[in-house]
Each structure stands twice: as structure tokens, then as C-alpha cells.
Number of protein chains: 2
Amino acid sequence: MIRVMLVDDQELLRTGFRMVLGAQPDVEVVAEAADGRAAVEVLRGVEVDVVLMDVRMPVMDGVEATRLIRAVEGGPRVLILTTFDLDEYVFAALKAGASGFLLKDVPPVDLVSAIRSVHGGDAVVAPSATRRLLERFAVHLPASGGVEPGAVSGLTAREREVLVLVARGLSNAEIAGRLELAEATVKTHLGRVLAKLGLRDRAQVVVFAYEAGLVVPHSAG
Amino acid sequence: MIRVMLVDDQELLRTGFRMVLGAQPDVEVVAEAADGRAAVEVLRGVEVDVVLMDVRMPVMDGVEATRLIRAVEGGPRVLILTTFDLDEYVFAALKAGASGFLLKDVPPVDLVSAIRSVHGGDAVVAPSATRRLLERFAVHLPASGGVEPGAVSGLTAREREVLVLVARGLSNAEIAGRLELAEATVKTHLGRVLAKLGLRDRAQVVVFAYEAGLVVPHSAG
DNA sequence: GCGCCCTTCCCCCGAAAGGGGGAGACCCGC
DNA sequence: GCGGGTCTCCCCCTTTCGGGGGAAGGGCGC
């Protein structure tokens, strides 16, 4: 039995979800709240597996509530519900520890299977938004759009390739495997990278890659 | 009719996929290739809607092939197939413009619906990997409130000190000089850092430091 | 006092990395 | 053809790293 909590400031919407979920044999709505703060309060006294959380709410929004809920060890997982598409709010909620998100017009069947997935430890993303999520994810590459020649001065394509893999923490052997090269070749390329950039070892290569924006921390945009 | 191309160096796997897809009324396998370069060549002469692309292949891997294919305006969408789970390769492919990825052991039903989704402009992600994708996407905010001692799990003050210097690209000898310690001591501390954080070498320490926000690009120095 | 952890430093060892040189292959421009 | 650049791979070598011990002092709590 999956114990679900509904958090949304719209009474009608909660009613609708309650009816849909009530019809399921393995799902049980055990709690409700109309805003984030109330939700956090209620959760102190009720055992819940999955929280269906609206993003935009009065008093405390879904992002902050998600953060507080996820800060507790062994607390429930949070599935974000949003009226509109993927927006900054949703991204913030994901960063706050949500297990995924759905649009509120999700077909009941999909909602239930999403709850089961989240309960099982998986994450879910509204299909219509997956593309945009990936796009957003893909933005993380070399400083906006292309590899500017200036930053990596006279490096060849192969050398840059090796550089980036070094910057991901791979050993020469691993890079060789990934690029299907001999380790000797990787060493040759890396040696030239070190010489051209005036670096001493691979640790400095990693530093350079981050500082030059060739590699971007996944936390930041 | 959705025109599909199969790109994989394993003949048997292509055969299996061809049979599964051939049974679908709205899907048609119109081309095949055994490596990325061949795929790009073939695509110059054949109209394709969706490319099912293996990642690891000889000659040219799926990442580079995806990049080339997606560089063409109005070209086909690319769906990545991977044997293993989410790895650096898959991330690279997504960054290169892939519309998503599936594990090769995907149930036929899911494969077909994924192809339809991709053809319709949506993206798809293997359900088992969605959670990890979101983690990777969302995890560690840049420790906005400063670096609290507990953040780096069980590291001692001295270990964190060494970690940061490693993350600046210093050698053990240089760190020893700066902290006025013997190099042996630095090695001891660093060894514990590696063990506690599950890292292999100092290059991975640098990666960790940037990803965890212990070191921030530009502020370097 | 005793145990525990942190810190400091030492040994030895094997593996990985960095540096030197050389060489064959390819492509491209002259 | 001939040179330049890139990519590939090999040899040799020294240094650095990382991992396995061990050991000694200090602080802190019980």
C-alpha cells in the first residue's frame, strides 16, 4: 500500500486526485495540505511514502517545502505537479530534491504508474517536458555554443578530446578504452596538451578545464 | 510511416531490432549501418525520421555521429541505445543532440512507443535511469551557504585543507611546503580523502572539488 | 588511566604518470 | 614529389602517486 499525501491550494484539484487515487487498490491518500508549511507540519505526525506537491502555493511554495521534506532522512519522496510546462519553478524543485514532475492534466493511468515508480525509487518526468529537460541539460557544454579557439589555443581536435576526458577524472587507460586507442597514444596527446598549455600534470589539466569553461560543474548552469 | 535507421556494430542486435520493428504497422527500417561514419554516409542518400544509435562503435562512436547528424538542419532525430546504464558516454550523446536513450534490453512495446515519441518531437529516457539523470542534473547546489564542515561527509579539517590544495593543482611536495608538513604526511591525508570520498586519484579529487562547489571557477587563484 | 581519533612521519612496494626520442601512416598544400 | 602537420604506436627512462604497513605524540571523553 502506497501512502500518498496531496499538497495543493486548490481544493477542487485535491478532490479530483483523491478520487482517482482512491480507486486504486495499492494507493491510499493518507494526508492533505493546502500549502507548503502546512504540509511540513502534517508530515511530522503522519507516515507518508509519496507527496504530490504543487509548485505555486501561498505561505510556502512547493520548492521550499520539498527542500524541507527531503532534508529529513528517510522522509517521503516528492513528485511535483505543475499546471504549466517546465519552468524555473520546476527546475528549482528538482534541485531541491523532487523525484520528478508531472503536468496536472496527466491521465489518471499515468499518474498512478508515476506514483508507483517514485515509490520504487525511480524518477519520472512529464513526457512532454522530457525534451526540454534534456535540452536544458545539454546547455552545459563548452561556454555557450562552440569551442572558442582562443581558449584552447593551438590544441588539435584529438588533444581537446583527451583533455576533456582527463578533466572528467579518467585515467590514461580508461581514455584509451573509450577512444579505442593505445594507452601510449593517449600519453602522447596528453603530453602535448601539458606542453602547449604549460601545465604539469593531469590534476592541473582538470583545474584548467574547469577554469576555462571546457567543463562545467553540473550544479551550476 | 516512421522511417527508422539502425546503427550498431552488432549484426545480431540489428537483426533483432529489425524483426521487432518490422512487425509494426507504422514503422519501417529503411537503413542500417555498423558504425558512426557509415551511418553519416548513408544518411546523405536516405530519408530517415529516427536513428537508433549505439554508443560504442568502432571507427566513429555514437556520440560523434550524433553530433554530425544533428548538425544538419531538418535531419533525423537520434535515439541512443546503450547496453549498460547511464554513463559518461550517454551524457555526451545527450549533449551532442540525442533525443534520449534506452537500454538495449528495452521491451519491444516500449521501444516502439519510444520511437513514436521521438518522432513526435518528444524525448525519452530509460525509466531506470531517469532518477540518476535528475540527480546528475539537480544534485549539489553550490553550497550557497558557505562550506559547512559536514558537507564533505567525514573529512577532518586537515583533510579538507589538503583536498582544496589538491584541487588547485598543487603536487604533494608543494602542499607539504605550503602547510609546512612532510610530504609523507600530505600523502597520508590525501590517501584518507581518496578512501573516504571513494575517489581514485588527485585528478578525480579536483573534479569532486569543483562539482561539490568546494572550489569555484574564476575565483581560483 | 584507557581508548579513540587526529595528526605527524617513516618504511617499502607496484602502478601510473610524465618526458625523451623515434617511426610509420595519412592528408593537405606547395 | 616534398614538407608540414596530425594521428598513431613503440621504446626507454625517472618521478610521482597511491596503498600497505607501522609508530609516536596530543587531545578528548569516559
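Worth knowing before you read on, the calculation uses all heavy atoms, side chains too, and leaves out hydrogens, waters and symmetry mates. Chain A is the first sequence line, chain B the second, and so forth, proteins listed ahead of strands; every chain is numbered from 1.
Contact check for B/Phe208 versus B/Leu214: side-chain heavy atoms found under the 4.5 Å cut-off. In this structure the side chain of B/Val7 never reaches within 4.5 angstrom of the side chain of B/Leu81, judged on heavy atoms. Two residues are said to be in side-chain contact when any heavy atoms from C-beta on lie closer than 4.5 Å; A/Val4 and A/Val51 fail this criterion.
For D/dG18, the OP1/OP2 oxygens have no side-chain nitrogen or oxygen of B/Arg200 closer than 4.0 Å. Phosphate proximity of D/dC7 to A/Thr156: present, with a side-chain N or O under 4.0 Å from OP1 or OP2.
Taking both residues in full, the closest heavy atoms of A/Phe101 and A/Leu79 are given as N-CD1, 3.7 Å, listed atom of the first, atom of the second, then distance.
In terms of modelled atom types and a separation under 3.5 Å, the side chain of B/Arg3 and the main chain of B/Asp49 share no donor-acceptor contact. Judged purely by atom type and a 3.5 angstrom limit, B/Arg70 uses its side chain to pair as donor or acceptor with the backbone of B/Pro76. In terms of modelled atom types and a separation under 3.5 Å, the side chain of A/Gln204 and the main chain of A/Leu199 share no donor-acceptor contact. A donor-acceptor pair is defined here as one N or O able to donate and one able to accept, closer than 3.5 Å; no such pair exists between the side chain of A/Asn172 and the backbone of A/Ile175. With B/Arg202 contributing its side chain and A/Ala203 its backbone, the two residues share no donor-acceptor pair below 3.5 Å. Within the 3.5 Å criterion, the main-chain N or O of A/Ser171 finds a donor-acceptor partner in the side chain of A/Glu174.
Within the structure, the side chain to side chain donor-acceptor pair (under 3.5 Å) test picks out no pair touching residues 179-190 of chain B (sequence neighbours left out).
Atom CZ of B/Arg200 sits in a crowded spot, with more than 12 heavy atoms from other residues, nucleotides or ligands closer than 6.0 Å.
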I'd like a list of close polar pairs between nucleotides 9-16 of chain D and the protein, N/O only, cut-off under 3.5 Å.
{"from": "D/dC9", "atom 1": "OP2", "to": "A/Ala182", "atom 2": "N", "distance (Å)": "2.7"}
{"from": "D/dC9", "atom 1": "OP2", "to": "A/Thr185", "atom 2": "OG1", "distance (Å)": "2.6"}
{"from": "D/dC9", "atom 1": "O5'", "to": "A/Thr185", "atom 2": "OG1", "distance (Å)": "3.3"}
{"from": "D/dC9", "atom 1": "N4", "to": "A/Thr188", "atom 2": "OG1", "distance (Å)": "3.2"}

Sub-3.5 Å pairs of nitrogen or oxygen atoms, protein against nucleotides 26-28 of chain C:
none

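Taking atom CG of residue B/Leu199 and atom P of nucleotide D/dG18, one finds them 10 Å apart after rounding to whole Å. In this structure, CD of A/Glu159 is placed 10 Å from P of D/dT8, rounded to the nearest angstrom. When rounded to the nearest whole Å, the span between CD of B/Gln204 and C1' of D/dG18 equals 12 Å. With rounding to whole Å, B/Glu64 atom CD is found 15 Å from D/dC7 atom C1'. Rounding to whole angstrom units, CG of residue A/Leu155 and C1' of D/dT6 are separated by 13 Å.
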May I have the list of side-chain donor-acceptor pairs in residues 26-38 of chain B shorter than 3.5 Å, sequence neighbours left out?
{"from": "B/Asp26", "atom 1": "OD1", "to": "B/Arg116", "atom 2": "NH2", "distance (Å)": "3.2"}
{"from": "B/Asp26", "atom 1": "OD2", "to": "B/Arg116", "atom 2": "NE", "distance (Å)": "2.5"}
{"from": "B/Glu32", "atom 1": "OE1", "to": "B/Arg14", "atom 2": "NE", "distance (Å)": "2.6"}
{"from": "B/Glu32", "atom 1": "OE1", "to": "B/Arg18", "atom 2": "NH2", "distance (Å)": "3.4"}
{"from": "B/Glu32", "atom 1": "OE2", "to": "B/Arg18", "atom 2": "NE", "distance (Å)": "2.3"}
{"from": "B/Glu32", "atom 1": "OE2", "to": "B/Arg18", "atom 2": "NH2", "distance (Å)": "3.1"}
{"from": "B/Asp35", "atom 1": "OD1", "to": "B/Arg37", "atom 2": "N", "distance (Å)": "2.9"}
{"from": "B/Asp35", "atom 1": "OD1", "to": "B/Ala38", "atom 2": "N", "distance (Å)": "3.0"}

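The residue among B/His189 and A/Arg202 whose nearest nucleotide of DNA chain C lies closer to the 5′ end is B/His189.
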Note to self: Can you build the contact string for nucleotides 24-30 of chain D? Use B for base contact, S for sugar-phosphate-only contact, and - for no protein heavy atom under 4.0 Å.
What the structure shows: -------
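Each end of the helix from C/dG1-D/dC30 to C/dC30-D/dG1 gets its own rotation axis from five pairs of C1' atoms, and the angle between them is 40° to the nearest 10 degrees.
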